[in-house]
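One structure is given here, and the rest of the page talks about it.
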Amino acid sequence: MFILGGVAKVNLGVDTILNRCPSCEAEKEVDMLVTGNYFHIYYLPFYPKSKEVALICSSCGLKRMDLPFSDRYVRNYYEIKDKYKYPVYLYLGAAIMTLLVVTLIISIIK
């Protein structure tokens, strides 16, 4: 049986934050794009996998893409991490599978 699945990205938010640029070494405003990777089967979102961030320095224009969304790259990570949550629909595949398993167990018990 052929299963069509993979990993896709969804945009979780865009913001401007104050961060240190590794190129020009200045505390400047940085444009930040947070994306989330999720696993899907037959284009049905199954579960979130990881979050990534892209940072663009407003001073020198340095672009750092596909970095892990963590305190190593984002200075005020602990203050803003709750702002970039996965949408509920990304758990749809796991919810459907759980519902099918529970239904199957209940039908076997009866």
Side-chain angles (χ1 to χ4, degrees):
M1 183 168 129
F2 179 69
I3 296 178
L4 182 62
V7 177
K9 285 188 177 190
V10 64
N11 184 6
L12 299 178
V14 178
D15 204 355
T16 301
I17 62 169
L18 188 65
N19 210 14
R20 183 181 169 277
C21 176
S23 178
C24 63
E25 296 186 7
E27 289 286 330
K28 295 283 185 176
E29 287 188 342
V30 175
D31 294 324
M32 177 179 72
L33 168 66
V34 181
T35 57
N37 297 321
Y38 65 92
F39 182 72
H40 65 87
I41 298 177
Y42 292 111
Y43 303 105
L44 177 68
F46 218 75
Y47 63 88
K49 187 177 173 198
S50 63
K51 291 181 187 175
E52 294 177 345
V53 66
L55 301 171
I56 304 169
C57 179
S58 62
S59 179
C60 69
L62 175 72
K63 296 178 184 175
R64 301 183 73 197
M65 309 299 273
D66 300 329
L67 300 170
F69 185 53
S70 67
D71 61 341
R72 180 174 180 193
Y73 300 105
V74 179
R75 178 189 197 189
N76 57 343
Y77 169 75
Y78 294 106
E79 297 169 13
I80 64 171
K81 70 178 180 175
D82 292 334
K83 184 177 177 182
Y84 303 100
K85 293 186 178 186
Y86 290 108
V88 175
Y89 72 85
L90 290 183
Y91 298 94
L92 186 61
I96 290 172
M97 288 299 291
T98 303
L99 184 63
L100 288 173
V101 169
V102 168
T103 305
L104 181 65
I105 291 172
I106 289 173
S107 68
I108 290 174
I109 292 174
K110 287 185 177 184

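Just so you know, these numbers use all the heavy atoms, side chains as well, and skip hydrogens, waters and symmetry mates.
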Check the pair Val10 / Tyr89 against side chain to side chain contact (heavy atoms under 4.5 Å, CB included), numbers first and verdict last. CA-CA 11 Å; Val10 64; Tyr89 72 85; 3.4 Å; yes

Non-hydrogen side-chain atoms of [X] and [Y] separated by less than 4.5 Å:
{"X": "Leu4", "Y": "Tyr43", "result": "yes"}
{"X": "Cys21", "Y": "Cys60", "result": "yes"}
{"X": "Ile80", "Y": "Val34", "result": "no"}
{"X": "Asp15", "Y": "Lys83", "result": "yes"}

Could you state the interatomic distance from [atom1] ([X]) to [atom2] ([Y]), rounded to the nearest 0.5 Å?
{"X": "Leu90", "Y": "Leu44", "atom1": "CG", "atom2": "CG", "value": "10.5 Å"}
{"X": "Met32", "Y": "Phe69", "atom1": "CE", "atom2": "CZ", "value": "5.5 Å"}
{"X": "Ser59", "Y": "Glu27", "atom1": "OG", "atom2": "CD", "value": "11.5 Å"}
{"X": "Tyr91", "Y": "Ile96", "atom1": "OH", "atom2": "CD1", "value": "15.5 Å"}
{"X": "Leu55", "Y": "Arg75", "atom1": "CG", "atom2": "CZ", "value": "13.0 Å"}
{"X": "Asn37", "Y": "Glu52", "atom1": "CG", "atom2": "CD", "value": "4.5 Å"}

Are [X] and [Y] connected in the hydrophobic side-chain network, where two residues link if heavy atoms are under 4.5 Å apart?
{"X": "Tyr42", "Y": "Leu92", "result": "yes"}
{"X": "Val30", "Y": "Leu33", "result": "no"}
{"X": "Leu18", "Y": "Val14", "result": "no"}
{"X": "Tyr78", "Y": "Tyr84", "result": "yes"}
{"X": "Tyr47", "Y": "Tyr38", "result": "no"}

If you take all heavy atoms of [X] and [Y], which pair is closest and at what distance?
{"X": "Pro87", "Y": "Leu12", "answer": "CD-CD2, 3.7 Å"}
{"X": "Ser23", "Y": "Leu62", "answer": "CB-CD2, 3.7 Å"}
{"X": "Leu99", "Y": "Thr103", "answer": "O-OG1, 2.7 Å"}

Glu29 CD: over 12 foreign heavy atoms closer than 6.0 Å: no

Does one side chain, of Thr35 or Asn11, offer a donor that lies under 3.5 Å from an acceptor on the other? no

Can you tell me if Asp31 uses its side chain to pair, donor with acceptor, with the backbone of Ser58 under 3.5 Å? no

I need the full list of salt bridge (charged side-chain N to carboxylate O under 4.0 Å, His left out) pairs touching residues 61-74, with sequence neighbours left out, sorted by first then second residue. Lys9-Asp66

Quick one: is the NZ or CZ of Lys51 closer than 6.0 Å to the six-membered ring centre of Tyr86, and within 45° of its axis? yes

